[in-house]
Number of protein chains: 2
Amino acid sequence: MNRFLARPIYLQLRDALVERIATGQWKPGTMIPNEGDLAREFGVSPGTMRKALDLMEAMRLLTRRQGRGTVVNDPSSEELAGRYTNLRRTDGRVIADEVKSGEITEGPANERECIRLRLAKDDRVFRAHRRRLHEARAYMVEEASMPTALFPGLADDQNPSPGITELAGHYGLLLGKAEERISVGEASLEVAEALGIAFASPVLALDRVVYGLDGRPVEWRMGWCHSADRMYLAEMR
Amino acid sequence: MNRFLARPIYLQLRDALVERIATGQWKPGTMIPNEGDLAREFGVSPGTMRKALDLMEAMRLLTRRQGRGTVVNDPSSEELAGRYTNLRRTDGRVIADEVKSGEITEGPANERECIRLRLAKDDRVFRAHRRRLHEARAYMVEEASMPTALFPGLADDQNPSPGITELAGHYGLLLGKAEERISVGEASLEVAEALGIAFASPVLALDRVVYGLDGRPVEWRMGWCHSADRMYLAEMR
DNA sequence: AAGTGGTCTAGACCACTCA
DNA sequence: GAGTGGTCTAGACCACTTG
């Protein structure tokens with residue numbers, strides 16, 4: 001590795017290793033070579049390779065355990081799939097979900113989709129409709145939009161598209177941070193009917209964008225949630 | 001430093017350095033010795049000292065800049081003081097605040113205070129009342145509770161107690177993470193009057209606990225926010 | 001006992017800032 | 001040019017897991 005480039009070696013290493021996961025060369029759940037072997041393979045010192053692996057662990061791509069080795073994390077594992085879901089029951093428990101997904105449609109991005117997904121006027125999006133049930137009762141309706149460019153052939157997909165985490169896994173997208181805007185809204189006619197509440201009654205409006213590891217927006221999702229017995233849990237550091 | 005203790009040296013170093021800030025030996029805004037000198041002072045290798053300083057930077061206690069040196073962060077600086085405030089205007093801008101603080105009272109912790117602040121039945125708390133104004137109009141009322149044990153003599157304090165960040169600074173408390181529970185509530189009579197809205201109209205209810213670096217709860221604050229033209233911005237990683 | 005990641009050392013040189 | 005943090009090396013040994 002060239003040590004006189006502007007970009008530090010450990011960042012180049014990180015990118016090279018991330019690429020191995022993104023391309024499927026390293027699959028979720030499998031072990032990767034030990035640190036010493038990797039360092040030799042790339043021709044760097046163990047400490048430098050270690051720093052790259054530290055970064056990947058911080059990105060939640062790897063799990064290392066002393067004495068055992070290093071495994072590639074499965075993005076659709078319970079822990080990682082739930083990381084963009086901060087909705088809880090009032091007592092703090094996670095909501096035991098059942099998701100009903102509607103058909104996936106495709107069309108030109110509207111104004112809000114262009115803003116949230118950073119698309120140009122002529123770009124197209126896939127749209128998905130979901131209803132989340134708790135104890136056989138709908139408590140939230142969602143409308144999600146995804147750039148077609150990132151999900152080639154999604155419309156023909158047979159799967160019912162459970163959530164962005166699983167979808168991203170299918171299309172080789174690695175997810176990074178997400179931003180969610182929470183506000184109080186009024187139930188529209190559709191939302192009121194779907195949730196079984198009165199028109200214009202207050203709901204939690206959840207406006208979330210999930211970004212890829214490269215920072216590109218991957219999904220924009222609006223959610224309207226029946227607010228009774230539910231809360232949103234945010235953490236700050 | 002003893003390298004055969006169960007606790008890694010870099011963690012011991014971090015704690016020792018945090019202590020220097022907590023006790024005021026290193027004051028906010030001042031430079032600390034360079035990494036080499038610190039390593040020599042503690043009898044460790046530079047790399048180990050560096051790792052400890054990395055951790056402190058991640059805790060937002062220090063700012064390091066290549067060529068310049070390392071300074072102790074001021075917790076009441078704009079950047080750090082605003083870190084527990086995720087409320088924004090709908091367009092995303094930060095809300096230009098004016099805070100009106102009421103008198104500080106003292107009394108036995110009630111049931112919810114005991115839970116949120118992890119207190120025993122007989123522990124006592126200070127209570128503060130605040131109203132946040134935007135363009136001379138109240139948009140949020142707050143009720144904060146703090147364990148008396150952490151703020152000795154707070155009731156006699158002449159200051160109008162602006163926020164937890166400044167208060168913590170005065171009493172040598174270093175702040176860590178915070179948790180906030182967001183839900184939709186109905187304006188009580190008091191809240192409705194203070195905010196100039198109708199009784200029982202929907203408000204954002206913000207239930208926040210700020211923890212110290214040691215993990216102990218430092219402040220519990222309930223806030224009721226007029227929801228029009230405002231949103232809560234959460235980030236997930 | 002062998003293999004893994006975790007800690008630690010004692011340097012070297014680079015990139016940046018400022019007097 | 002002196003001083004700082006940032007990067008990188010090439011090892012050593014420790015703690016843990018597994019066969």
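All heavy atoms count here, side chains included; hydrogens, waters and symmetry mates do not. Nothing here was measured: the structure is a model prediction, and the numbers come from that model. Here is the naming used below: chain letters follow the sequence lines, and residue numbers restart at 1 for every chain.
Residue L38(A) contributes atom CG, which lies 13 Å from atom P of dG6(C) at whole-angstrom precision. Taking atom CG of residue L13(B) and atom C1' of nucleotide dC8(C), one finds them 11 Å apart after rounding to whole Å. Here dC8(C) presents its C1' atom at 17 Å from CZ of R14(B), a figure rounded to the nearest Å. For the pair R65(A) CZ and dT7(C) P, the interatomic distance rounds to 15 Å; values are reported in whole Å. Across the protein-nucleic acid pair, I9(A) atom CD1 and dA15(C) atom P stand 12 Å apart, rounded to whole Å. Atom CZ in R40(B) sits roughly 14 Å away from atom P in dT9(C) (whole-Å rounding).
Side chain to side chain, S76(A) and E166(A) fail the donor-acceptor criterion of an N or O pair below 3.5 Å. In summary, the side chains of D15(B) and Y10(B) do not present any donor paired with an acceptor at a separation below 3.5 Å, with no hydrogens or angles considered. Side-chain atoms of E180(A) and Y84(A) include no donor-acceptor pair closer than 3.5 Å.
Listed by residue number, the members of residues 47-61 of chain A with any heavy atom below 4.0 angstrom from DNA chain C are R50(A). Using a 4.0 Å cutoff on non-hydrogen atoms, the parts of residues 29-37 of chain A near DNA chain C are N34(A), E35(A), ordered by number.
Among dG6(D), dT18(D), dG6(C), the nucleotide with an atom closest to any side-chain atom of R68(A) is dT18(D). Checking dG11(D), dT4(C), dT7(D) against the side-chain heavy atoms of Y10(A) singles out dT7(D) as nearest. Checking dT9(D), dT17(C), dG5(C) against every side-chain atom of S45(A), the shortest atom distance belongs to dT9(D).
In this structure, the side chain of N73(B) engages the main chain of R60(B) through a donor-acceptor pair within 3.5 Å. Side chain of T148(B) to main chain of F126(B): no donor-acceptor pair is present (N/O by atom type, distance under 3.5 Å, no hydrogens or angles).
With salt bridges taken as basic N to acidic carboxylate O contacts below 4.0 Å, none links R14(A) and E57(A). A salt bridge between K51(B) and D54(B) is absent, with no side-chain N of the basic residue lying under 4.0 Å from a carboxylate O of the acidic one.
Paired with E142(B) under the rule side-chain contact (heavy atoms from CB on, under 4.5 Å), one option of R132(B), R208(B), R131(B) passes, and it is R132(B).
Residues R64(B) and Q66(A) both approach DNA chain D. Their nearest nucleotides, taken by heavy-atom distance, put R64(B) toward the 5′ side.
For E79(A), the CD atom is loosely surrounded, since the number of other residues' heavy atoms within 6.0 Å does not exceed 12.
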